[in-house]
Amino acid sequence: MDIKLYINQNRDRFLNELLELLRIPSVSADSRHKADMVKTAEFLKARLEEIGAENVEICPTPGHPILYGEKIIDPKLPTVLVYGHYDVQPPDPLDLWESGPFEPVIKKTERHPEGAIYARGACDDKGQMYMHIKAFEYMMHNNALHCNVKFMIEGEEEVGSSNLGPFIKANKERLKCDVILISDTSMIANDVPSITSGLRGLCYMEVEVTGPNRDLHSGTYGGAVANPINILSKMIASLHDENGHITVEGFYADVLELSVEERTAMNKAPFSLEEYKKALDINDVWGEKGYTTIERASVRPTLDVNGMWGGYIGEGAKTVLPSKAYAKISMRLVPNQSSEKITELFSRHFEKLAPPSVKVKVTPHHGGEPVLTPTDGIEYRAAAKAYEATFGKEPIPARAGGSIPIVALFEAVLGVKTVLMGFGLDSDAIHSPNENFGLFNYFKGIETIPYFYQYFKELKD
Ligand code: BES
Ligand code: MN
Ligand code: MN
């Protein structure tokens, strides 16, 4: 049976299974959801087993479990390793959701005339990961599985995947494969299919600025003792110059500049600055001088404050000169920057910025390396042919601004290339209130994936 027909016949069930998965609040960052993480892994184990996956195992880690499963039809055939994550971001701020984050609903909107699923994880990454399980079901039931397949679905992607590195190092033999297939990125538009050709890396820091040894009366001491919030604001403000360049010494030293041809090509991708501004309700964009919005959001490194706090933030007013101020600051990295090196450069720079009136502590959080996924390998060509088969158009390669730190590790440890077949849209509000995933996108993903297996095998021969 053809994949389109199979989807039509099983459409409601494919949808209901995803909705059930979305109802489990698998928030990896929140320890209150520890049991939900296991429940999600168990749900997925049952779904994989009932469609014929073998050796399905919930592998415990010091954090949340990793789900593994496989179907080896012939050791001589190529093996595809599917990676995805079942954990989701915290849903806050809750009051901005139009419906419960874990009570999925289907709504029709202008952007998604066929309807979209609204729920935390709908796109990132439960919806996109589950497409692979349903594509596998089709291939199993219709004698259409052309490659061996291994599934590795983790529960800690949104918190830095710290237990996945050791897992892949300890399971090199079990994870042996010819290609890694991931749907955890986006495409340009439903009528402009694209394949992600690179990801940014990440360097995440927390800083603490301490002034006096206790909170002070801002009348008695104000003006005579440094206020750590004032100081921290100034330090942060100085991290960009007037051209939007990052001022951390040595920050750009390893940045791989694109050739004129590469820049021309990437800026030919369909993009409307007017629509971009309208969608975000901003009067103007901002960024590094000399680069377009597309470039700023994908091939250039960045520095952003993700949170900042200190002093009095309760109701009314309190005249306090606080003892401490804090900020979380992250940097997106591009090839060939290294998160370890940037951690060092940032720490040194930030400590030097502080005047003698305060003390500064810089603590690194998780990091990840940037990657390029080449567009001339057979895995990319197989993916391109798959999109062409179902979208009727050749996909465009497009670099993504987000990070999936494990991709660089896969390459380093397993020596295998990754292909990033994203089916979401940038407007799906991942990590935001009202995250959603178009029904068109969900079913198109399920339809496209089996072609990848077919063409990958053909091109491998
Ligand atoms: N799926 C995203 C990454 C992504 C989103 C890549 C859109 C390309 C386009 C992933 O789940 C994610 O959110 N990653 C984190 C990194 C992690 C270390 C917390 C990120 O990019 O902030
Ligand atoms: Mn994701
Ligand atoms: Mn995410």
Side-chain angles (χ1 to χ4, degrees), residues 1-23 43-44 47-48 50-51 80 82 84 86 104-142 144-145 149 151 153 181-196 382-395 419-430 435-455:
M1 190 191 298
D2 145 76
I3 176 73
K4 259 194 151 140
L5 185 59
Y6 192 78
I7 292 175
N8 279 337
Q9 287 182 357
N10 295 281
R11 200 181 155 90
D12 288 350
R13 182 174 55 82
F14 279 12
L15 186 56
N16 287 329
E17 287 176 13
L18 174 58
L19 298 185
E20 207 179 324
L21 174 63
L22 290 168
R23 284 190 195 100
F43 174 89
L44 291 168
R47 298 291 79 73
L48 275 175
E50 74 193 7
I51 55 178
V80 176
V82 175
Y86 67 82
V105 291
I106 292 160
K107 274 193 291 191
K108 288 197 169 126
T109 63
E110 205 184 309
R111 275 197 318 108
H112 288 299
E114 293 192 10
I117 310 160
Y118 282 76
R120 171 58 85 232
C123 172
D124 184 12
D125 179 42
K126 284 172 168 171
Q128 295 212 67
M129 172 266 289
Y130 206 66
M131 298 179 319
H132 286 271
I133 296 185
K134 293 300 99 179
F136 174 63
E137 176 191 317
Y138 162 75
M139 294 187 284
M140 288 292 284
H141 286 197
N142 293 276
L145 185 59
V149 53
F151 288 94
I153 302 165
L181 175 59
I182 305 179
S183 293
D184 193 24
T185 56
S186 51
M187 52 180 192
I188 294 174
N190 284 353
D191 57 354
V192 189
S194 60
I195 298 178
T196 306
K385 283 184 74 174
Y387 279 81
E388 228 178 299
T390 57
F391 285 84
K393 276 188 189 175
E394 201 183 319
V419 58
L420 297 161
M421 292 176 69
F423 293 94
L425 298 176
D426 282 347
S427 50
D428 287 343
I430 66 171
E435 174 176 354
N436 60 88
F437 190 37
L439 293 179
F440 169 86
N441 305 70
Y442 179 54
F443 291 115
K444 206 62 171 175
I446 300 173
E447 187 188 333
T448 308
I449 291 162
Y451 286 99
F452 172 80
Y453 285 71
Q454 184 190 325
Y455 294 133

### Query
T185 versus Q128: any side-chain heavy-atom pair under 4.5 Å?
no

### Query
Any side-chain heavy-atom pair from L439 and I117 closer than 4.5 angstrom?
yes

#### Entry: Minimum heavy-atom distance between F437 and D428, given as atom pair plus value
CD1-OD2, 4.0 Å

### Sub-4.5 Å side-chain heavy-atom contact between H112 and K107
no

### Query
Which atoms form the tightest heavy-atom contact between A189 and L425, and what is the distance?
CA-CD2, 3.7 Å

#### Entry: Check: L181 and L420 side chains under 4.5 Å, non-hydrogen atoms
no

### Summary
Here the pair of heavy atoms bringing M1 nearest to L5 is CG-CD2, 3.7 Å

### Non-hydrogen side-chain atoms of D184 and M129 separated by less than 4.5 Å
no

### Task
If a pair satisfies salt bridge (charged side-chain N to carboxylate O under 4.0 Å, His left out) and one of its residues is in residues 112-133, list it, with sequence neighbours excluded.
R120-E435

### Task
Apply side chain to side chain contact (heavy atoms under 4.5 Å, CB included) to the pair I106 and L15, showing each step before the final yes or no.
CA-CA 10 Å; I106 292 160; L15 186 56; 3.5 Å; yes

### Task
Answer yes or no: is there an ion pair linking K385 with E388, defined by an N-O contact shorter than 4.0 Å?
no

### Task
With the side chain counted from C-beta on, respond yes when V192 and M187 share a heavy-atom pair under 4.5 Å apart, and no when they do not.
no

### Task
Check the pair V419, F452 against side chain to side chain contact (heavy atoms under 4.5 Å, CB included), reporting the backbone distance first and the verdict last.
CA-CA 10 Å; V419 58; F452 172 80; 3.8 Å; yes

### Which atom of L48 lies closest to which atom of F136, heavy atoms considered
CD2-CD2, 4.5 Å

### Query
Among pairs that include at least one residue of residues 129-139, which meet side-chain hydrogen bond (donor to acceptor under 3.5 Å, both in side chains), considering only residues two or more places apart or in two chains?
Y6-E137, R13-E137, E17-Y130, E17-K134, H132-S183, K134-E137

